[in-house]
K.L.:
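Supplied in structure tokens, the structure appears directly below.
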Amino acid sequence: MNQNEYNPSDIEKKWQEYWQEHNIYAVENNVTDKENFYALSEFAYPSGNLHVGHWYAFAVPDIYARYKRMSGYNVLYPMGFDAFGLPAENAAIKRGLDPRKWTYENMDYMRNQLRSMGASFDWSRSFATCDPEYYKWTQWMFTQFYTNDLIERSLIKTNWCESCKTVLANEQVVSGECERCGNGVIQKDMAQWMLKITKFADALYDDLDTLDWDHSIKQAQREWIGRKEGSLIPFKIQESEMYDVNTGPGDDAFRQGEPIVDRDNVVVIIEHPEKDEFLCAKWKQVDWQGFVTGGIEQGQSIEETALTEVREETGYQNPEIVKIYNQSSHGLFWHVHKKQNRRANYRIVHVRLKDLEHIERRQEEQEIADFLWIPRSEVNDFLKREDMKYPWRVVNQKNNLTSQVEQNENTIGAGIFIKTKEGKYVFQKRDNNPERAKGITALFGGGLEPNETTRQTAVRELREELGLEVLESDLKFIDLQNHFDNPKKNSALFLIEGINFESLKLKEGVGLVELFIDEIFDYPKMGKFGRLYATKKRSLLENSFFETKVFTTRADTLFGATYIVLAPEHQIVQNIKSQITNWNEVEDYLKEVEKKSDLDRQQSKEKTGVELKGIEAINPATGKPVPVWVADYVLVHFGTGAVMAVPAHDERDAEFALKYDLPFKFVVLPSAGEIGNSRPLITSGENAFILAAGTTEQKGSQEHINAEWNAMYDVLGIIEDGLLPVGKRFCCTFEGKVINASGDVNTKTSEEARNIITKMVGGEITKTYRLRDWGISRQRYWGTPIPIVYDPEGNPHVVPEEHLPWTLPDDVDFTPDGTAPLARSEKLKKRTEEIFGTGWTPEVDTMDTFVDSSWYFYRYLDNNNSSEFVSKDIMQSWMPVDMYFGGAEHTTMHLLYSRFWVKALHSLGLVPANEPYQGRLNRGLILGPDGAKMSKSKGNVIDPDEVVSHVGADTVRMYLAFIGPFNEPGNYPWDPNGVVGIRRFLDKVWRLQDKKTETSSEELVSALHQTIKKVHEDIDRLKLNTAISSMMTFINQAEKSDGITQAEYDIFLQLLAPFAPHMCEELWMQNHSTSIHITDFPEYDESKISSGMKALPIQINGKVRAQIIVEEGENNDSLQNRILEMPEVQKWTEGKVIKKFIHVPSKIINLVI
RNA sequence: GCCGAGGUGGUGGAAUCGGUAGACACGAGGGACUUAAAAUCCCUUGCUUUCGGGCGUGCGGGUUCAAUUCCCGCCCUCGGCACCA
């Protein structure tokens, strides 16, 4: 037998050991004669054994890394372990082991398995994320982010997996289920450490353009970030029924010089139980008329006064309070009856009669007044009668909304945003104040004194700190904001506007800073509240509560906004609770919504909602009031959590409006072509067609369409104002030309109108994002400890650098019970108290493992550095990663997180690169032989070790490269026969060594150079499958030839070396003394590829009929003559006329007959 | 629904700029060698045919001397997003 037979099991081990001994893959950091190339595969999770997926992930990119190395680059192709995380902990729990031990043993085992692939990893650079030397730097970065305001702690609704007993990031929840275990995810309020990834949303979006990534990967990231450009449109919110009194004295109703008596009064507006009428009084004695009034006596409440007055003065026995208007007004007048000048502080009370039960009034009351029911619409006119001398009127002064949620049992402070007449916000600057944090720019305000309300605190603080006297009623409540440092405690935040700063008595050591909102974020040492509002909650601050901004991408349809909708969680709903006359109904709805999980909310597409009665919004374009609704189809997290609803041009609004019978106003006419092509846009099923006023389409097409539509549908006719009648309502989302709006925008295109209308109503063009901040707290053991400790008051402090790594304790029972396992560590508790003092406690959550993997590619560069995470020089020379190989499942998680991480580091000046990965390739999936995903339960799992023992590692590597294009992430089934095909090829290469001759043929040389060219090009494009097929073609040809020279054979081995490193090394070393893998990759010689002759196909009328051998430079005439003489051509041309002769040199000849 | 990538023999897949569709491999069929099997080698292999040819790259149109490739309109598969205003 031939003892020189290809036997992989003999040679592979040998060369793996040789490479390791000779250290041929060790990579130097400072190489001057070669360009650095950083090829990276996503590092391994130490699950315990290597499957085919690992081979695909590591061995195929290894081919590329080897090719680059042979092509003259200084190539870094490292490997490490992503060693923290749930699976290790779960596996450890199941088997009662220490996750640390389990993980490190797995890593040892896997390192050996990885060596068997023949991958050219530089193992000296390896590490695991659970090494304290590694996570020291993870923690250090956390502390850098913390001190630079890139991390905040807040109480948020989190995704909680009941089965894994931990919080999940948004990205880890897939259609309401835990990405890992598939169990349902519930919402849970928890204090979380949040990384402010949203601060980089624009950069993450825009910088995608600078990356050489596949279009689809970029697109997926863009979708995830979800940037939308649109307009913020302000809508004033006001009380829809509002009564107030004039404040000035009438000419004959106030007597100069007489003393003034102060009185607290109520004015009662009495509503009929059935009819829309109010009860007005005609005073018999003085002939003055109006509403029921009464003085508030000492110790009496407004409600009591009002109800008593109604019963006594009118005789109606069952009034109920609808609403008490908070604002009292101060009227000065001469009270004729009492002969007094009065200053009356009116509280206006709206009551409704439950029924008309009536008792005879006392004689005295009957003598004073008669009562008349006046329709609501006529009340004002009635009160304006000539003989109405009483000084108050019902006036339409609508914007006195206030709030009732500024206080709860956890409210410990009040903060005040002060807005000047110029629209700037005023902060205090404590530059000169030695007692307080120096230089901090902060809100005015302070803590609540015992029994103080937040408003009282705010008034007091303003007086003490600023010398500013304000009334409680001047303070507009904005928000109840939990403290960053202690999410369970709140401060009420207020806004006061239009402040005059002339006569202030500033407290010593306090300076003032006036800033526009856009300047707040960047202002040095700005306190957290200020920053927060300048970014995330800007809309709250700017909105206050009598205005809300809606986000829309279709500002061109604003004239058609017939109502607005708030998300159930919208702050305004709570803030104006006291103004809502149907609060019980609203509250029921909110409770119902709260019960639904996110999943339910997504699944039940049936829209529900409830109108907020008692308030209305003003459409800023039309100036007309529109109703305000709350509905859960509006999401609090997107845009401003409020939308303007345009039923005629938005499908969701249309659905909702049809259900609740809200008006449709048609304001954008799509272009004629679009209507013609889009008959299905009629969604009402009513077959309505709108022919609107103001149409500017050219007549021809319009008439054509009308004719067509007339035949098919009922034509609605011309609708002047765009209001669609009931039964003919439909929705059209196309853009087009604006109609039924105003002179400024009618006939403008949608695009033009968006800008014009936005400007017109004082809105602004902005962007909004789907991306949300990244919560990294996990209630698990096996993760990087969060380097935070809490002082006895519960305020967080970072663990100083000298105590890093803040190590994971080992005395922990980590059985999951929903609380953090670290809370049970005595050692951690003790360590914290020893270092920081009695009463100090450690943070007990650990970090999401995506944090660990967000910067690991830096550590390979300098993994033994104990003073820096990596030295700056070294970073500069390697980063960004040139080509990053990984799985498609990381497109929106790891890839986005690590891009954020690098940008965050970059923003702090810690790294030079702004992006981690210049190139990225998502690999596909290897399926089982049956075409299904490999799984133990399906019994279709391929064990790579077993295959390797049969055919060798080189074959497995090559097969995986051959199975499909690596640059397109498809799913490729593992075909056991296909593996054999590769092995046959390698056998042929091996056997070719017996066919060596002194000289070879010109054809073979040409073929070799063609192959070199093709392999070059294909590897560059990562089309390894076609690179292999071209080598196969060459070997087939060489086999048929008379022989191959040693030099040619060597060149071929070099071509093949990246693919089959062991075999090529074996064959190479028979004639050489240094490794093939450190030789130069062959270059092709163009002159050897082309010979002067070429076979060209001849087409007749586009069909190939013959072939001809053509010499380069042959002229067309002689060529044409030669062709026409050919019998196989004549067969077709006989009796036909040649119309055209087309010759595309070295491509094709086409005869048209 | 929106966005993206695709759709080519029995299978995985080639065809890089509009120029011979199906490279390469698997499978299948036939043959050689062998006592036999394995291994190896050779031939055939898109469909169809009256052996001239005809038809073929998801479907229907179009542009072109020529279309898997470009354009228009559909269908289907996969991936991402999704009550996102």
Side-chain angles (χ1 to χ4, degrees), chain A residues 5 175 214-228 230-231 550-554 557 564-565 567 601-607 631-635 637-646 649-653 655-656 677 733 768-770 888-889 891-892 922 931 959 962-965 968-982 984-985 987-988 991 1014 1017-1018 1020-1021 1023 1025-1033 1035-1036 1039 1095-1107 1131 1139-1153:
Chain A
E5 201 174 305
S175 58
D214 188 82
H215 176 70
S216 343
I217 308 176
K218 291 188 189 181
Q219 204 54 35
Q221 287 219 347
R222 288 194 187 105
E223 301 247 352
W224 188 266
I225 296 166
R227 183 164 82 185
K228 289 260 166 60
S231 310
V550 303
F551 177 78
T552 178
T553 55
R554 291 294 305 273
T557 64
I564 71 168
V565 191
R601 240 170 108 167
Q602 273 166 30
Q603 276 171 352
S604 64
K605 299 275 180 185
E606 168 79 13
K607 290 185 175 50
D632 67 353
Y633 81 90
V634 174
L635 308 173
H637 290 296
F638 192 78
T640 58
V643 300
M644 62 183 218
V646 188
H649 301 290
D650 181 281
E651 283 184 28
R652 293 165 312 231
D653 298 338
E655 195 190 318
F656 192 79
N677 290 333
T733 56
T768 182
Y769 306 87
R770 199 193 82 100
E889 69 275 19
T891 302
T892 47
N922 278 2
Y959 173 65
F962 185 63
I963 202 164
E968 289 169 27
N971 298 333
Y972 309 110
W974 177 277
D975 178 3
N977 292 313
V979 180
V980 172
I982 296 290
R984 280 182 198 147
F985 164 71
D987 282 332
K988 286 183 195 176
R991 269 187 260 117
K1014 180 96 172 113
E1017 289 169 355
D1018 286 351
D1020 281 336
R1021 289 190 297 151
K1023 291 214 61 170
N1025 54 336
T1026 51
I1028 293 170
S1029 80
S1030 68
M1031 288 189 284
M1032 286 172 165
T1033 308
I1035 286 298
N1036 289 344
E1039 260 193 337
L1096 279 196
I1098 299 168
Q1099 288 185 340
I1100 291 156
N1101 280 354
K1103 292 206 159 71
V1104 178
R1105 300 296 183 189
Q1107 277 213 343
K1131 194 168 84 184
K1139 281 196 198 159
K1140 216 169 183 181
F1141 175 83
I1142 295 156
H1143 176 210
V1144 184
S1146 74
K1147 290 271 188 193
I1148 207 157
I1149 291 152
N1150 196 4
L1151 300 180
V1152 187
I1153 57 173

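A note on names: the letters A, B, ... follow the listed sequences, proteins ahead of strands, and every chain is numbered from 1.
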K.L.:
rA15(B), rU20(B), rG19(B): which one has an atom nearest the side-chain heavy atoms of Lys1147(A)?
P.N.:
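Out of rA15(B), rU20(B), rG19(B), the nucleotide with an atom closest to Lys1147(A)'s side chain is rG19(B).
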K.L.:
Mind checking Tyr972(A) for me? I need base, sugar-phosphate or nothing, with any heavy atom below 4.0 Å counting as a touch.
P.N.:
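Sugar-phosphate contact only.
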K.L.:
Pairing donors with acceptors under 3.5 angstrom, does anything connect the side chains of Asn1025(A) and Tyr972(A)?
P.N.:
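On atom types as modelled, these side chains do not qualify, holding no pair under 3.5 Å.
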K.L.:
Could you list all N or O pairs between the protein and nucleotides 24-31 of chain B that sit under 3.5 Å apart?
P.N.:
from: rA25(B); atom 1: OP1; to: Asn1036(A); atom 2: ND2; distance (Å): 3.0
from: rC26(B); atom 1: OP1; to: Arg984(A); atom 2: NH1; distance (Å): 2.5
from: rC26(B); atom 1: O2'; to: Asp975(A); atom 2: OD2; distance (Å): 3.1

K.L.:
Where does rG79(B) land, syn or anti, once you apply the within-90°-of-0 test for syn?
P.N.:
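You should classify rG79(B) as anti.
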K.L.:
When syn is taken as a glycosidic angle within 90 degrees of 0, is rG9(B) syn or anti?
P.N.:
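Nucleotide rG9(B) adopts syn.
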K.L.:
Can you check the Lys607(A) NZ to rA85(B) C1' distance for me, whole Å?
P.N.:
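Value for this atom pair: 11 Å.
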K.L.:
Pairs under 3.5 angstrom, nitrogen or oxygen only, protein versus nucleotides 43-49 of chain B, please.
P.N.:
none

K.L.:
C1' atom, rA66(B) versus rG6(B): distance in rounded Å?
P.N.:
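One C1' to the other, the span is 26 Å.
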K.L.:
Which value, in whole Å, describes the distance between the P atoms of nucleotides rA37(B) and rU44(B)?
P.N.:
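24 Å, rounded to whole Å.
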K.L.:
Could you say whether Ser216(A) or Glu1039(A) is positioned toward the 5' end of RNA chain B, judged by the nucleotide with the nearest heavy atom to each?
P.N.:
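By nearest-heavy-atom nucleotide position, the 5'-most residue is Ser216(A).
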K.L.:
Which label fits rC17(B), syn or anti, where anti is any glycosidic angle not within 90° of 0?
P.N.:
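In terms of base orientation relative to the sugar, rC17(B) is syn.
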K.L.:
Regarding Pro965(A), tell me which of base, sugar-phosphate or nothing describes its non-hydrogen contacts under 4.0 Å with the strands shown.
P.N.:
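It contacts sugar-phosphate atoms only.
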K.L.:
Taking the side chain of Thr1026(A) as heavy atoms from C-beta outward, which of rA15(B), rU20(B), rA85(B) is closest to it?
P.N.:
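The answer is rA15(B).
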K.L.:
So, using side-chain hydrogen bond (donor to acceptor under 3.5 Å, both in side chains) as the criterion, who are the partners of Asp214(A) when residues are at least two apart?
P.N.:
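Counting only residues at least two positions away or on another chain, Asp214(A) forms a side-chain hydrogen bond (donor to acceptor under 3.5 Å, both in side chains) with Ser216(A).
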K.L.:
Of all residues at least two apart in sequence or in a different chain, which pass the side-chain hydrogen bond (donor to acceptor under 3.5 Å, both in side chains) check with Arg984(A)?
P.N.:
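Counting only residues at least two positions away or on another chain, Arg984(A) forms no side-chain hydrogen bond (donor to acceptor under 3.5 Å, both in side chains).
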K.L.:
Give one of base, sugar-phosphate or nothing for His215(A), where a contact means two heavy atoms less than 4.0 Å apart.
P.N.:
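The residue His215(A) makes sugar-phosphate contact but no base contact.
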K.L.:
Please report the shortest heavy-atom distance between Ile963(A) and Trp974(A), naming the atom on each side.
P.N.:
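That would be CD1-CA, 4.4 Å.
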K.L.:
When you check the phosphate oxygens OP1 and OP2 of rA14(B), does a side-chain N or O of Lys1023(A) lie under 4.0 Å from one of them?
P.N.:
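For rA14(B), OP1 or OP2 has a side-chain N or O of Lys1023(A) closer than 4.0 Å.
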K.L.:
Does Phe551(A) have any ring pair (Phe, Tyr, Trp, His ring centres under 6.0 Å) partners at least two apart in sequence or in another chain, and if so, which?
P.N.:
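Not a single residue meets the ring pair (Phe, Tyr, Trp, His ring centres under 6.0 Å) criterion with Phe551(A).
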K.L.:
Across the strands shown, which category fits Gln1107(A) at heavy-atom distances under 4.0 angstrom: base, sugar-phosphate, nothing?
P.N.:
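If one applies the 4.0 Å heavy-atom cut-off, Gln1107(A) turns out to touch a base.
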K.L.:
If you take all heavy atoms of Leu635(A) and Ala567(A), which pair is closest and at what distance?
P.N.:
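Closest approach of Leu635(A) to Ala567(A), heavy atoms only: C-CB, 3.9 Å.
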K.L.:
Test for a donor-acceptor pair under 3.5 Å between the base of rG80(B) and the side chain of Glu223(A), counting only N and O atoms.
P.N.:
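Checked by distance alone, the answer is yes.
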K.L.:
When you measure from the side chain of Arg222(A) to the backbone of Ile217(A), do you find a donor-acceptor pair of N or O atoms at a distance under 3.5 Å?
P.N.:
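Checking the backbone N and O of Ile217(A) against the side chain of Arg222(A), no donor-acceptor pair under 3.5 Å is found.
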K.L.:
Can you tell me if Asn1025(A) touches the phosphate of rA14(B), counting only side-chain N or O atoms and a distance under 4.0 Å to OP1 or OP2?
P.N.:
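Yes, Asn1025(A) has a side-chain N/O under 4.0 Å of OP1/OP2 on rA14(B).
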K.L.:
Using the side-chain hydrogen bond (donor to acceptor under 3.5 Å, both in side chains) criterion, which residues pair with Ser1030(A)? Sequence neighbours excluded.
P.N.:
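Expected list: none.
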K.L.:
Detail all sub-3.5 Å separations between protein N/O atoms and N/O atoms belonging to nucleotides 52-55 of chain B.
P.N.:
from: rG53(B); atom 1: OP1; to: Lys1131(A); atom 2: NZ; distance (Å): 3.0
from: rG54(B); atom 1: OP2; to: Arg1105(A); atom 2: NH1; distance (Å): 3.4

K.L.:
Scan the side chains in residues 1141-1153 of chain A for donor-acceptor partners under 3.5 Å anywhere in the protein, sequence neighbours excluded, and list what turns up.
P.N.:
from: His1143(A); atom 1: ND1; to: Asn1116(A); atom 2: OD1; distance (Å): 2.9
from: Asn1150(A); atom 1: OD1; to: Gly1102(A); atom 2: N; distance (Å): 3.2

K.L.:
Tell me, please, which residues at least two apart from Asp1020(A) pass salt bridge (Lys or Arg N to Asp or Glu O under 4.0 Å).
P.N.:
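With neighbours one apart ignored, the set is empty.
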K.L.:
For the C1' atoms, the ones on rC76(B) and on rC70(B), what distance do you get once it is rounded to whole angstrom?
P.N.:
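The same atom, C1', in both gives a distance of 22 Å.
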K.L.:
I'd like to check Glu1017(A) versus Lys1023(A) (side-chain heavy atoms, cut-off strictly below 4.5 Å). Are they in contact?
P.N.:
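Glu1017(A) does not reach Lys1023(A) side chain to side chain.
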K.L.:
Could you list the residues that satisfy salt bridge (Lys or Arg N to Asp or Glu O under 4.0 Å) with Arg1105(A), not counting sequence neighbours?
P.N.:
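Not a single residue meets the salt bridge (Lys or Arg N to Asp or Glu O under 4.0 Å) criterion with Arg1105(A).
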K.L.:
Can you list the residues that meet the side-chain hydrogen bond (donor to acceptor under 3.5 Å, both in side chains) rule with Thr552(A), with sequence neighbours excluded?
P.N.:
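Not a single residue meets the side-chain hydrogen bond (donor to acceptor under 3.5 Å, both in side chains) criterion with Thr552(A).
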K.L.:
Below 3.5 Å between N/O atoms, which protein atoms pair up with nucleotides 62-70 of chain B? Just atom names and distances, please.
P.N.:
from: rC65(B); atom 1: OP1; to: Lys1140(A); atom 2: NZ; distance (Å): 3.4
from: rC65(B); atom 1: O2'; to: Asn1150(A); atom 2: ND2; distance (Å): 3.2
from: rC65(B); atom 1: O2; to: Asn1150(A); atom 2: ND2; distance (Å): 2.6

K.L.:
Looking at every strand, decide which applies to Glu968(A) at a 4.0 Å heavy-atom threshold: base, sugar-phosphate, or nothing.
P.N.:
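It contacts nothing in the nucleic acid.
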K.L.:
Can you tell me, in whole Å, how much space there is between the P of rG12(B) and that of rC74(B)?
P.N.:
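Rounded to whole Å, the distance is 29 Å.
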K.L.:
Please give the distance between the C1' atoms of rG61(B) and rU11(B) as a whole number of Å.
P.N.:
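Per the computed distance, 33 Å lies between those C1' atoms.
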K.L.:
Below 4.5 Å, heavy atoms only, C-beta onward: do Thr891(A) and Trp224(A) meet side chain to side chain?
P.N.:
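Of all side-chain heavy-atom pairs linking Trp224(A) with Thr891(A), none is under 4.5 Å.
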K.L.:
Atom CG of Asn971(A) and atom P of rA5(B): how far apart are they, to the nearest Å?
P.N.:
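So the two atoms are 18 Å apart, to the nearest Å.
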K.L.:
So Tyr633(A) and Asp653(A), side-chain contact (heavy atoms from CB on, under 4.5 Å) or not? Walk me through it.
P.N.:
CA-CA 9 Å; Tyr633(A) 81 90; Asp653(A) 298 338; 2.8 Å; yes
